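Please read all numbers here as calculations on a predicted model, not as lab measurements.
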Amino acid sequence: QVQLVESGGGLVQSGGSLRLSCVASRIIFRATSMGWYRQGPGKQRELVATITSGGSTNYADSVKGRFTISRDNSKNTVYLQMNSLKPEDTAVYYCNTKIDYTSKEYWGQGTQVTVSS
């Protein structure tokens, strides 16, 4: 079965930075689109950023200019570099994969990010 494991969450002050990682296993990683989503307290899950198998990226308006998504196919890993963090970024961040040319998608268990005022 596909497995996604997130890491890198934690507590950071407003204006600080964190780098999240997601390692995928049991998958042809180069044939996937990867994404980061988040769910804040009392809120719905929302898209943060995506990256296709070819490296094209998209970002939510709320994180443009602050967050960067990237991937390393040799390590089966997708990253989310988060800079200039705000309290509004506090959420559980989830890694997602969608297999190219299929309807299959999978989710990790999430990693907590807390940004203090």
Side-chain angles (χ1 to χ4, degrees):
Q1 62 183 19
V2 174
Q3 184 177 30
L4 303 175
V5 180
E6 302 99 332
S7 62
L11 175 64
V12 66
Q13 290 183 327
S14 181
S17 298
L18 286 172
R19 189 195 196 200
L20 306 184
S21 299
C22 172
V23 180
S25 61
R26 304 185 188 277
I27 196 171
I28 306 299
F29 189 75
R30 67 179 182 272
T32 68
S33 291
M34 304 295 296
W36 287 99
Y37 296 73
R38 67 187 182 187
Q39 186 170 13
K43 300 181 67 176
Q44 298 282 88
R45 183 190 67 184
E46 65 176 349
L47 174 71
V48 177
T50 60
I51 184 166
T52 69
S53 57
S56 298
T57 59
N58 281 291
Y59 297 91
D61 287 343
S62 60
V63 307
K64 286 181 180 176
R66 299 190 298 122
F67 291 10
T68 303
I69 189 171
S70 62
R71 66 193 295 160
D72 185 340
N73 288 349
S74 71
K75 298 180 178 180
N76 281 14
T77 302
V78 63
Y79 305 95
L80 185 68
Q81 179 66 48
M82 305 186 294
N83 299 325
S84 301
L85 282 161
K86 306 174 181 179
E88 307 92 88
D89 297 317
T90 294
V92 178
Y93 284 71
Y94 296 94
C95 182
N96 166 270
T97 184
K98 297 180 180 178
I99 312 301
D100 290 352
Y101 306 107
T102 78
S103 61
K104 297 181 181 296
E105 64 177 9
Y106 303 91
W107 295 88
Q109 292 299 305
T111 185
Q112 177 71 48
V113 171
T114 302
V115 184
S116 62
S117 300

### Query
Which other residues end up in the same hydrophobic cluster as Val92, if Ile, Leu, Val, Met, Phe, Trp and Tyr are linked when side-chain heavy atoms come under 4.5 Å apart?
Tyr37, Leu47, Tyr94, Trp107
### Remaining members of hydrophobic cluster (4.5 Å side-chain criterion), Met82
Val2, Leu4, Val12, Leu18, Leu20, Ile27, Phe29, Met34, Trp36, Val48, Ile51, Tyr59, Val63, Phe67, Ile69, Val78, Leu80, Leu85, Tyr93, Ile99, Tyr106, Val113, Val115
## Note on the structure
residues 41-54 vs side chain to side chain donor-acceptor pair (under 3.5 Å), sequence neighbours excluded, gives Arg38-Glu46, Ser53-Asp100
#### Entry: Any donor-acceptor pair under 3.5 Å from Glu6 side chain to Gly110 backbone
yes
### Expected output: side-chain Gln109 to main-chain Val5 donor-acceptor under 3.5 Å
no
Would you compute the distance between atom [atom1] of [X] and atom [atom2] of [Y] and round it to the nearest 0.5 angstrom?
X: Gln81; Y: Arg66; atom1: CD; atom2: CZ; answer: 12.0 Å
X: Ser70; Y: Asp72; atom1: OG; atom2: CG; answer: 8.0 Å
X: Glu105; Y: Ser33; atom1: CD; atom2: OG; answer: 11.0 Å
X: Gln39; Y: Thr90; atom1: CD; atom2: OG1; answer: 13.5 Å
X: Thr114; Y: Asp89; atom1: OG1; atom2: CG; answer: 11.0 Å
X: Glu88; Y: Ser117; atom1: CD; atom2: OG; answer: 8.5 Å

#### Entry: Pair listing, disulfide bond (SG atoms under 2.5 Å apart) test, anchored in residues 24-56, at least two apart
none
### Message
For residues 25-117, which residue pairs pass the disulfide bond (SG atoms under 2.5 Å apart) check, not counting sequence neighbours?
### Response
Cys22-Cys95
### Task
Begin with the C-alpha distance, continue with both residues' side-chain angles, and end with the deciding distance and a verdict on side chain to side chain contact (heavy atoms under 4.5 Å, CB included) for Val23 and Gln3.
CA-CA 8 Å; Val23 180; Gln3 184 177 30; over 6 Å; no
### Message
Testing the basics here: between Lys104 and Thr102, what is the closest heavy-atom pair and its distance to 0.1 Å?
### Response
N-OG1, 3.1 Å
#### Entry: Contact summary for Ser14 and Pro87, nearest pair of heavy atoms
OG-CD, 3.8 Å
### Pairs touching residues 47-61 that satisfy salt bridge (Lys or Arg N to Asp or Glu O under 4.0 Å), sequence neighbours left out
Asp61-Lys64
